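Quick caveat, the model's predicted, so the values are computed rather than measured. Computation of the quantities below employed the complete heavy-atom set of this structure, encompassing side-chain atoms and omitting hydrogens, waters and symmetry-equivalent molecules. As the structure lists them, so they are numbered: ligands from 1, and atoms in each ligand from 1.
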Amino acid sequence: MSFETKIAELAEQTGHWTKTETLALLSIPPDSSHGDWSLPCFTLAKKLRKAPKAIAEELAAQFPAPQGFEKTEALNGYWNFYADKKTIIESTLNGIKEKGLEFGFAKPKNKTVVVDYSSPNIGKELAFHHLRSTMIGNSLAKIHKANGYKVERVNHLGDWGTQFGKLITMYLREGLPTDEQTLSNLTIQELNKLYASFSKISESEPELENKAREAFAQLEKRDEFYRKLWAAFKEATLKELVRIYKIMGVDFDHYTGESFFETQIPAVIEELEKKNLLVSSQERDVVLLGEDIPPCLIRKSDGSTLYATRDLAAALYRKKEFDFEKCLYVVDNGQSLHFKQVFAVLGKMGYEWSENCEHIPFGLILHKNEEGKWEKGKTRTGTASLLREVIEAASAKILDVINEKNPELANKEDVATKIGVGAIVFNDLKNRRLMDVKFDWDAALSFEGATGPYVQNAHVRLCSILRKSGKNALELQFKNEELLDQSSYELIKMLSRKGEKIETACENNEPYILAQYSLELAETAHRFIHNNRVIGSEEENSRLFLVHSAQQVLESVLDLLGVAAIREM
Ligand code: ARG
């Protein structure tokens, strides 16, 4: 159990704080003579009608220090905790020796979490804003796994719906060949073009929209020829998607898109009818959801189904298939109403587990316009708007830096891509997810400041010391007394917090907690390296083992964020 957790449990026993509250309040005093952790008592003053100073003093007198702590003390309204240094050093470093990258991970909980993320619409290239769902979801999946859950990673592709009517209509209208050969060589760029021409032409020819709707209705009625076209469109998109996911290091267990649920829809509608939930309104079938939430559309007048209908089927399927404890939908804020409706319908169907379905929204990506102001939406000249282009541009910029500073580096294209992607991903995850992300090339790609390259660089430095030592870290013995200087001890304390950080990030569905932790870790590691000679010092073995431990924690935390922990740059 981590030191913070022990404090949190003690704090809970006092009856004044919950564990979660304590973890959020705990701070590390800037002056370590004031303890290793500090719990402020100011917020209790009103409730207890007492001065914070008196409250802290009473708590310190009444509750003995938990195991592994030397003492607790009250100081000016803070309840300060002093860890037993030997315990902290040994439990942390031996823990890392034993568990390696999995140090700080929770024991298996025997519970499953479904994470639905990325889930783009087929037929279109990934736009830059798709990055957010993809990377937040990817990280949340890893964080839940580290926190002991079994995780099912789902890509709920938008591979069904009127947009396919549009593509089919346009494809046929342009008279494009429909032989197997041509269809199997279709590219996503061609599909993008079809979309663009559809939007353009339908402005002057509104009839086209009807045609598209008819085409989709036909598709739902299993028209074989239309199916063949649809399958080819999907295949072309998937090829490109998987290529990009690979570059980004993103993976899924299931590509169960909307079309997967097609055959399960009739049963859902039947169930809604049986439970007397389906009403017709303006020729459509809806479920009424009371005063506060607009009705949820289930079926259109031509019999075709909707996005929400497919999400209902998907939720029922996931519950049956995975018996999830939680089902997370990592989707932008714009879809809050949709999820409110879907979860409410599930609730009305009598499924209490609808409470465990959770929409995980996030803010927008903002770009700088020509006047230097931040704005959302389409990017102007010069800035890329497709994810593919952003990745390519970032990697190219980093490759320039490598060519200038370390032209002999092996695999430099690969390293450049890992740093470029890492920079974009880190920029995306470093703040609370509901905040808008400001994307500025220079800031994101810098090796200084709160960036991916900065953290990756700290990892590279640790790796390089280990490499130069020529020793196998796992065979080294460390001595507690050689690690008591301030920068060694601070680094060890920082490492000891890994488990608690994973737990808080998981409970709040906030990868930024680990991103901030990785920054603190990088900073502390840099300071340790700056202050302590490692190779050739008297404490070489102890310090090398600490370097190894920091490397392991940093590698694992970067991985939980979806950023590659490179070894050379
Ligand atoms: N395809 C949707 C879109 O691009 C996102 C799907 C999210 N997941 C879900 N189960 N609805 O907007």
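- Some N or O of Asn121 is nearer than 3.5 Å to an N or O of ligand 1, by distance alone.
- Geometrically, ligand 1 and His130 share no nitrogen or oxygen pair separated by less than 3.5 Å.
- Residues Arg227 and Asp223 are not paired through a salt bridge, judged by the lack of any N-O separation under 4.0 Å between the basic side chain and the carboxylate.
- Contacts of Phe339 with ligand 1, taken as heavy-atom pairs under 4.0 Å, involve the side chain alone.
- Salt bridge Glu262/Arg222: present, at least one basic N to carboxylate O contact under 4.0 Å.
- Atoms of ligand 1 found under 4.0 Å from any heavy atom of Asp116 (numbered from 1 in listed order, with element): 8 (N), 9 (C), 10 (N).
- Ligand 1 has a nitrogen or oxygen under 3.5 angstrom from a nitrogen or oxygen of Asp311.
- Every heavy atom of Arg310 sits 4.0 Å or more from the atoms of ligand 1.
- The closest side-chain donor-acceptor pair between Tyr307 and Gln335 falls under 3.5 angstrom.
- The shortest N/O to N/O separation between Tyr329 and ligand 1 does not fall below 3.5 Å.
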Run the numbers on Ile365 and Asp436 for side-chain contact (heavy atoms from CB on, under 4.5 Å), then give the verdict.
-> CA-CA 6 Å; Ile365 295 191; Asp436 291 339; over 6 Å; no
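- In the vicinity of Val331, heavy-atom distances shorter than 4.0 Å reach the ligand 1 atoms 7 (C), 8 (N).
- Outside the 6.0 Å centre-distance limit, the rings of Phe447 and Tyr454 are not counted as a close aromatic pair.
- Side-chain rings of Tyr226 and Phe216 stay apart, their centers remaining 6.0 Å or farther from each other.
- Sparse packing is recorded around CD of Glu102, with 12 or fewer heavy atoms of other residues, nucleotides or ligands lying under 6.0 Å away.
- By the 6.0 Å contact criterion, NZ on Lys211 is open, its count of non-hydrogen atoms from other residues, nucleotides or ligands being 12 or less.
- Considering only non-hydrogen protein atoms, atom 12 (O) of ligand 1 sits nearest to Gln335 NE2, 2.8 Å.
- Scanning all protein heavy atoms for the shortest distance to atom 6 (C) of ligand 1 gives Tyr307 OH, 3.2 Å.
- In terms of polar-atom proximity, Ser119 is counted as a contact of ligand 1, with an N or O under 3.5 Å from an N or O of the ligand.
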